[in-house]
Amino acid sequence: MVAAKAMEVKKQLERLVKAIVDEDDYRVETADEAIRALSSLKGLKLKKSLSFKIDGHGNLLDVPEDFRCPISGELMKDPVVLATGQTYDRPFIQRWLNEGNRTCPQTKQVLSHTVLTPNHLVQEMISQWCREHGMELPKPVQDIDEEVVTNADRGYLNSLLQKMSSSISDQKEAAKELRLLTKRSSPFRALFGESIETIPQLLSPLSPGQADADPDLQEDLITTLLNLSIHDNNKRLVAEHPLVIPLLIESLISGTIQTKSNAAATFFTLAAIDSNKIIIGTSGALNPLIDLLDEGHPLAMKDVASAIFSLCSVLENKGRAINAGAVRVILQKIMDRVLVAELLAILAMLSSHQKAVQEMCELGTVSCLFGIIRESDCEHNKENCIAILYTICFADRTKLKEIKEEEMANGTVSRLARTGTSRAKRKASGILERLNKTGSITHTA
């Protein structure tokens, strides 16, 4: 292909040079065309030289054309697909777009958007070809320019949002595309912050009380909210819109398990801002989150636990979580050895609340925590256990006997006082001092 193109350019150049040499008064445009032809020939020569690589044995290899970037002619390091379906190496097509071009270099089509989608298939084929020929795998270029938001992107977003007030098939098609675009492209996530109308347009198909009328559509739109909430500048925009949190709560209750999980994950990402934690807490979101934790579906558990942990970092939400039954649910999961590390962290956080400690004492927490300390290899889990036990030790004297019996039988607290993390050592030593002061134990460690 390169050779044929070069021959064509040579013939054109030959014609132009002949015209310049033969004519006494040749046109300036003819000279310009000849210069362009020479430049094109030079580019083709460079492209041809770049189409060869040296294999692991020093042999010259012809790089397959499908593995070469149409712009640079080089073996692609980070192949991406443009809106037209053509594949390019990311640094070169990104430079093309950053220069203001809004057409496909190959097809000359105007781009509907400028999102670049990784071409994993071509990437894997290139990697396989390199391995077969003993070549080092190409490493993606890291210092390319950031993607830029363009008017074409804005137009494409608006066209997708307009479909949300169209037929159900249009809504589902647009929702799926928005889910993908907001997952892959930071500029598309940022675009939603340019207008207060984007969120209501996006969510218009989800009627309050009937959000799960079409489960697939609900899942795509809730997942799009999750993707949007990742962008720091969108966190307030999303959380403060009156439609969002009620729909997320409804999705926690009535969505598919994937929708429930993504709704919980959205609460977690939104809760990165303290003001959002208050908004979410006062909305009643902790109740369905704890119910979903109690339900115990493996797909949703981590997202739910992360959301509860983040929300409970403010005092007001600790009380709400405790009133919603968090202590009982969390303790039961820990006893079942489900998501122990994450749930211990929440329990340790809640233990600063008197009501939570009271419930822990009633639910057999002491023996459970000592069991985890004895069996666990995780220092962080041991630290959280002893921190909770420390609080219980000072809040409820009736538990000192149980703690004393554990210490006399297994030396669990003394061992942590010697070998635990710095925080675990402090808490364990505090428990031992408490036991000594009350005459419950003579510490000889």
Side-chain angles (χ1 to χ4, degrees), residues 115 153 156-158 160-165 168 171-273 275-286 288-289 292 299-300 302-304 306-308 310-311:
V115 177
D153 297 332
Y156 190 50
L157 173 60
N158 288 334
L160 292 173
L161 291 174
Q162 285 168 12
K163 287 185 177 181
M164 290 302 167
S165 57
I168 185 67
Q171 289 175 359
K172 293 177 78 168
E173 179 187 353
K176 197 163 292 294
E177 179 72 356
L178 285 166
R179 175 179 179 168
L180 291 173
L181 288 171
T182 52
K183 176 183 179 181
R184 296 168 177 166
S185 172
S186 178
F188 253 87
R189 293 194 287 271
L191 272 176
F192 275 78
E194 292 187 358
S195 170
I196 60 172
E197 298 301 320
T198 53
I199 298 297
Q201 282 181 284
L202 173 71
L203 299 177
S204 58
L206 301 183
S207 303
Q210 297 180 332
D212 60 339
D214 189 305
D216 291 338
L217 180 60
Q218 181 190 23
E219 181 181 318
D220 284 336
L221 292 178
I222 293 301
T223 307
T224 299
L225 277 180
L226 168 60
N227 296 338
L228 292 176
S229 68
I230 293 169
H231 198 282
D232 286 345
N233 292 340
N234 287 341
K235 292 187 190 298
R236 281 197 172 87
L237 171 77
V238 173
E240 293 176 3
H241 197 283
L243 282 172
V244 170
I245 291 178
L247 284 172
L248 288 173
I249 291 174
E250 188 174 342
S251 296
L252 284 175
I253 298 167
S254 64
T256 65
I257 190 60
Q258 187 64 65
T259 301
K260 290 178 179 181
S261 179
N262 289 346
T266 305
F267 278 129
F268 169 65
T269 57
L270 292 176
I273 297 176
S275 60
N276 285 353
K277 292 174 187 174
I278 302 300
I279 294 171
I280 296 167
T282 55
S283 72
L286 278 160
L289 281 168
L292 188 52
L299 185 64
K302 279 204 171 185
D303 287 323
V304 173
S306 297
I308 294 171
S310 187
L311 290 169

**Prompt:** What's the spacing between Ile168 CD1 and Lys163 NZ if we round to 0.5 Å?
**Reply:** 13.5 Å

**Complete:** Heavy atoms of Ser310 and Lys277 approach each other most closely as O-CE, 3.4 Å

**Pairing residues for Glu250 by the side chain to side chain donor-acceptor pair (under 3.5 Å) criterion, not counting sequence neighbours** = none

**Request:** Return the minimal non-hydrogen interatomic distance between Lys235 and Ser229, and the atom names on each side.
**Result:** NZ-O, 2.7 Å

**Asked** Hey, what do you get for CG (Leu178) to CG (Leu161), rounding to the nearest 0.5 Å?
**Response** 6.0 Å

**Asked** Is the closest side-chain donor-acceptor distance between Thr256 and Thr259 under 3.5 Å?
**Response** yes

Compile the donor-acceptor pairs under 3.5 Å between side chains in residues 208-215 and protein atoms, sequence neighbours left out, one pair per line.
residue	atom	partner	partner atom	Å
Asp214	OD1	Asp216	N	3.3
Asp214	OD1	Leu217	N	3.1
Asp214	OD2	Lys172	NZ	3.4

**Message:** Tell me every residue that passes side-chain contact (heavy atoms from CB on, under 4.5 Å) with Ser165, counting only those two or more places apart in sequence or in another chain.
**Reply:** none

**Asked** About how many Å separate CG of Leu203 and OG1 of Thr198, when rounded to the nearest 0.5 Å?
**Response** 9.5 Å

**side-chain contact (heavy atoms from CB on, under 4.5 Å) against Ser261, all qualifying residues, sequence neighbours excluded** = Gln258, Ala300, Asp303

**Request:** Please identify each residue that fulfils side-chain contact (heavy atoms from CB on, under 4.5 Å) with Lys176, with sequence neighbours left out.
**Result:** Asp220

**Request:** Return the minimal non-hydrogen interatomic distance between Arg189 and Lys183, and the atom names on each side.
**Result:** NH1-O, 3.2 Å

**Message:** Among Val238, Leu221, Asn262, Leu270, exactly one meets side-chain contact (heavy atoms from CB on, under 4.5 Å) together with Leu226. Which residue is that?
**Reply:** Asn262

**Message:** For a quick test of reading the model, state the closest non-hydrogen atom pair linking Gly255 to Gln218 and the distance between them.
**Reply:** CA-OE1, 3.6 Å

**Asked** Heavy atoms, side chains only, cut-off 4.5 Å: are Leu243 and Ile199 in contact?
**Response** no

**Prompt:** How would you list, by chain and number, every residue that makes a side-chain contact (heavy atoms from CB on, under 4.5 Å) with Ile279, sequence neighbours excluded?
**Reply:** Glu240, Ile245, Asn276

**Fill in**
Of all heavy-atom pairs linking Ala285 and Leu252, the shortest is O-CD1, 4.3 Å

**Item:** Leu181 CG to Thr224 OG1 distance, which is reported to the nearest 0.5 Å
**Value:** 9.0 Å

**Item:** Nearest-0.5 Å distance, CZ of residue Phe268 to CG of residue Leu311
**Value:** 10.0 Å

**Asked** With a 4.5 Å heavy-atom cut-off, do His231 and Phe192 have their side chains touching?
**Response** no

**Item:** Nearest atoms (heavy-atom pairs only) where Gly284 meets Ile249
**Value:** C-CD1, 4.2 Å

**Asked** When rounded to the nearest 0.5 angstrom, what distance separates OG in Ser251 from CG in Leu206?
**Response** 7.0 Å

